[in-house]
2 protein chains.
Amino acid sequence: MSLNKTITIKDVATKANVSVGTVSRVLNNAKNINPDNIKRVNEAVKDLGYRKCSAAQLLGSKKNHSKIRTGNIGFVFAELTSVWQGHPHLEHYSKAVEKACREHGCHAIIEWADNTKQGELPTCVLEGKVDGVIVMGTNVDYSKYGNLPLVGISKTSAEIQCVVPDDRSAGRTVAEYLWNKGHRRISYMCNSSSNMMFISRFHGYKEFLEQMQSFDPDLVKMYNEHIQFDQPQTSFPDMTLPLKELLDLPESKRPTAIITANDWTAAGLYAAFRQQEVSVAEQISVVGFDNLEALCCSLFPALTSYAIPFKQVAYTAAQKLFAQLENPPDENISSTELIKGKIVERESVRTIKS
Amino acid sequence: MSLNKTITIKDVATKANVSVGTVSRVLNNAKNINPDNIKRVNEAVKDLGYRKCSAAQLLGSKKNHSKIRTGNIGFVFAELTSVWQGHPHLEHYSKAVEKACREHGCHAIIEWADNTKQGELPTCVLEGKVDGVIVMGTNVDYSKYGNLPLVGISKTSAEIQCVVPDDRSAGRTVAEYLWNKGHRRISYMCNSSSNMMFISRFHGYKEFLEQMQSFDPDLVKMYNEHIQFDQPQTSFPDMTLPLKELLDLPESKRPTAIITANDWTAAGLYAAFRQQEVSVAEQISVVGFDNLEALCCSLFPALTSYAIPFKQVAYTAAQKLFAQLENPPDENISSTELIKGKIVERESVRTIKS
DNA sequence: CTGAAAGCGCTTACAG
DNA sequence: CTGAAAGCGCTTACAG
């Protein structure tokens, strides 16, 4: 008999012999309702198998300032195509966003750069599928997004809310860590001098060593390898040359520790070490960044690395986005939040006794 | 100036100097519209930064019985909460679905069981966010979904389209593989006799051995450990007892190879072996199912395993769902497609020369 | 080809 | 404590 007709709040009201207003109030747990009505409404809901239509609910509550329309937020990898999907730190990002969404009764739409035309907005935005976005990318033009609620997680900007890893502090922390282990000649190596994160880490490192009056430009090896962002790296960078330059330094200047801009570079360095028959930790200590578990542990000796707080960054970003969506506009001032991580100690650093 | 007021279709209409109806028609690419109006509407949309409210759109189109076109498909883990997120084979599923979506210019909404009330539909369905769903779960009641386009990927049903791994063939293939390596007494071990996949694998195994007139019930060790689906397993099953029963068999009946219902069980078996000082491969060969790369390779000797074709299953399922959405209804007959995987050889199987 | 208008299912002042 | 009613932003017959 069921004509498959949708059961609405009206049907419930009729059956419970109250007005739709009352049903709505019961459904939303309002205060001060006749217990008798509550009971009858709940019974009617059950009998009828009523389920609310959230589209209508959203619409109805539009009168207040909530900007939630779709109940979806977008997580966009603005510069990376989906060939990167599955890379550990990126997974951390998207999982943290999905978690926050679950907690807010929303859904996440993950979008890679695959279908985005040069200079265009991601399609989930163009198609109006999301109420706001979290954008990852170091070169994003945020202004493009107009007044869409937005949080950036890798490029900072004074215009919008950002949550980014504190790379400068990370660089500083690692340098200080090595210093405290007795190292005095600490090198920094980097294979992409145009990478903002790598630069920030370098600045933190430099800052600390300058403070200790131990910064030595000869120990900095930054060169610029062209990194393809539309293709994940499949091989470690070749660090033979920069390593050789360091080893060719006079004994008294040669570093006792090397900080690499990330774990991948460290892995490349390990290979160069093997070639030069230098043993890690014993002869030269190494610390990386990212703390890619599988990579760090597969190296021998296992690589000590600074864990960039990917999850926290994305989770915090999502919280801020929801705040933008749920709070009155004037409560949302643009701001940049820097999130610190921590060093995960493994076996690649030796303590130097003085 | 802008009081941050939401820009609606009405604003666009005013600016473009047409009615809201016309704006709506332009936005939905209706036929027969004055090109001039199209142009003005599009300009107004752009100038105003208008974005449609999909909640309102859904509500508005409620009147007809046509299918809602959100451009999203749902991938629902009907019985698993998000604590399972990140497990390798599940990731394969969702990634393959996302890939198919990208190819169709759509988006995927992944939903875990966290927010689903007992017996209810997933919220992405309740909220009308998706045009169809792919459902994973061995106990799903598909009828609940009404006439929503649907593909099942773990429980088969005559009513709907399904794409599932061919577990029976997998069991058969592994038994045959061992047979061809010279094994004649092949055991099957399983720690959850209520798991449909495990049963199917068993049936395939049994079928082959019966055909070879070598099926021996004493070599089958199936017991039923209660498996919590709301919590991923954190420890391997304890296989000490069933192994002991096998080892206590008279020499002439003792198996030379054991098939375990999955890789986790194999890992538990390895532990039991160590305790009993039996060496894998050398004394007893082992083959698992799932081919969990990290697990198989971390065992010693590395575990040979049947790779369940997770990716293909999910990808094929997504294709079928899109076919349902894009083709006339009568072209979509319910059917079940079984997908075969293959054995990935490592070091846990010895060849027996006769 | 287009406008005016009804209606989708809810929420929420407002007036008792 | 509750009902009547306006309104959320769209879609879609309907009548030109």
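Since the structure is predicted, the reported quantities are computational estimates derived from the model, not experimental observations. Sequence lines set the chain letters: A, B, ... in the order given, protein chains first and strands last, and positions in each chain run from 1.
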### Message
Taking the P atom in each of C:dG9 and C:dA13, what is the distance between them to the nearest angstrom?
### Response
23 Å
### Query
When the distance from CG of A:N28 to P of C:dC10 is rounded to whole Å, what number comes out?
11 Å
### Query
Can you tell which of C:dC1, D:dC10, D:dG3 lies closest to the side chain of B:N32?
C:dC1
### Short side-chain N/O contact from B:T8 to OP1 or OP2 of D:dG9, under 4.0 Å
no
### Query
If you round to the nearest 0.5 Å, how far is OG1 of A:T156 from CD of A:E337?
13.5 Å
### Pair partner, C:dA4 [Watson-Crick or wobble, under 3.5 Å]
none
### Task
Compare the minimum distances between each of D:dA4, C:dC10, D:dC10 and the side chain of A:R25, then state the nucleotide with the smallest one.
D:dA4
### Query
Per the side chain to side chain contact (heavy atoms under 4.5 Å, CB included) rule, which among B:L321, B:V151, B:L150 passes with B:V133?
B:L150
### Task
Take B:V23 and A:N34, find for each the nucleotide of DNA chain D with the closest heavy atom, and name the residue whose nucleotide sits nearer the 5' end.
A:N34
### Any strand: nucleotide that pairs with C:dA13 via Watson-Crick or wobble, under 3.5 Å
none
### P atoms of D:dA5 and D:dC1, separation to the nearest Å
24 Å
### Query
Quick one: is C:dC10 close enough that its OP1 or OP2 comes under 4.0 Å of any side-chain N or O from A:S24?
no
### Query
Counting just side-chain N and O atoms, does B:T22 come under 4.0 Å of either OP1 or OP2 of C:dG3?
yes
### Task
Could you label the plane-to-plane angle of the A:H87 and A:W84 rings as parallel, tilted or perpendicular, counting under 30° as parallel and over 60° as perpendicular?
tilted
### Task
Name the orientation class of the two ring planes belonging to A:F310 and A:H89 (parallel below 30°, tilted from 30 to 60°, perpendicular beyond 60°).
tilted
